[in-house]
Amino acid sequence: RLTPETPVTLTYDNGAGLVFKRTFAIDKNYMFTIGQSVENNTGAPVNLYPYGLIVRNGTPDTEGFYILHEGLLGVFGDDGVKEIKYSDLEEDHQVRPPQVNQGWLGFTDKYWAATLIPVPKSTFQPNFTYTQATDNFQADFLGTGVAVPAGGSADTSSYLFAGAKQKSLLDAYQDTDNGLGIKQFNLLIDWGWFFFLTKPMFWVIDYLYHLVG
């Protein structure tokens, strides 16, 4: 049973000398840590690539509000947030941002999000695709190759956030001192074109809520 106190490890032996282990851990605030390791019991080295994906089947109902983004998005390096509409990806079929070594990508609704986060400073190739035959939208990343020597092992890890877009929580994960150091993670919240009004309004409302409940 997966709980914040008890991670779960799954093991797979491919029958050809490679043993894969994947460990899932979760904190109390919707963040999964996924650790992956490979034992190479063959007589030759192998090169394996870290990979992660989120798939959404079908186009969901959205608010359609012109200042609110609901769809695919990500932050890649220093370029800021990139937002992709479902309709645009249906037309283009693939959007492939440049390779980077920090950032995240996934899906966002009005209040909820599911995002993949490679470990900061690890190089990865982000990718968004739409498959018409299955009506699937996909956000995925491919990491750089990991060399596993003969008789040896190697490991890697990544994160998956699946929860509510609570500002204080996203700020905490973005914190480089006490959090995970996820670059611009608070951009999961779309403050709209009038952010210079909506953000101060939010701070006032949030302050009053914590003051009087």
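Count residues from 1 along the sequence.
Inter-residue side-chain proximity for Ile54 and Leu116 is flagged as met; some heavy-atom pair is nearer than 4.5 Å. Trp104 has its side chain out of reach of Pro126: every pair of non-hydrogen atoms, C-beta onward, lies at least 4.5 Å apart. A 4.5 Å side-chain heavy-atom check between Leu73 and Val81 finds at least one atom pair inside the cut-off.
By the criterion of side-chain heavy atoms lying less than 4.5 angstrom apart, applied directly or through intervening Ile, Leu, Val, Met, Phe, Trp or Tyr residues, Ile34 is not grouped with Tyr49; the two fall into different hydrophobic clusters.
Atom NZ of Lys21 has 12 or fewer heavy atoms from other residues, nucleotides or ligands within 6.0 Å. More than 12 heavy atoms of other residues, nucleotides or ligands sit less than 6.0 Å from atom CZ of Phe196. Residue Asn14 places its CG atom among more than 12 non-hydrogen atoms of other residues, nucleotides or ligands, all under 6.0 Å distant.
For the residue pair Thr23 and Thr9, a side-chain donor N or O sits within less than 3.5 Å of a side-chain acceptor on the partner.
Residues Lys165 and Asp109 are not paired through a salt bridge, judged by the lack of any N-O separation under 4.0 Å between the basic side chain and the carboxylate.
Aromatic ring centres of Phe24 and Phe32 lie farther apart than the 6.0 Å criterion allows. Remark: aromatic rings of Phe202 and Trp191 are close, center separation under 6.0 Å. Annotation: Phe161 is in aromatic contact with Phe185 [ring centroid separation under 6.0 Å].
Taking the six-membered ring for Trp and thresholds of 30 and 60 degrees, Phe137 and Tyr130 have ring planes inclined between 30 and 60 degrees apart.
Closest of all the heavy-atom pairs between Phe141 and Ser158 is CZ-CB, 4.0 Å.
Residues meeting the side-chain hydrogen bond (donor to acceptor under 3.5 Å, both in side chains) test with Gln166, sequence neighbours left out: Ser168.
To the nearest 0.5 angstrom, Ile84 atom CD1 is 6.0 Å from Leu89 atom CG.
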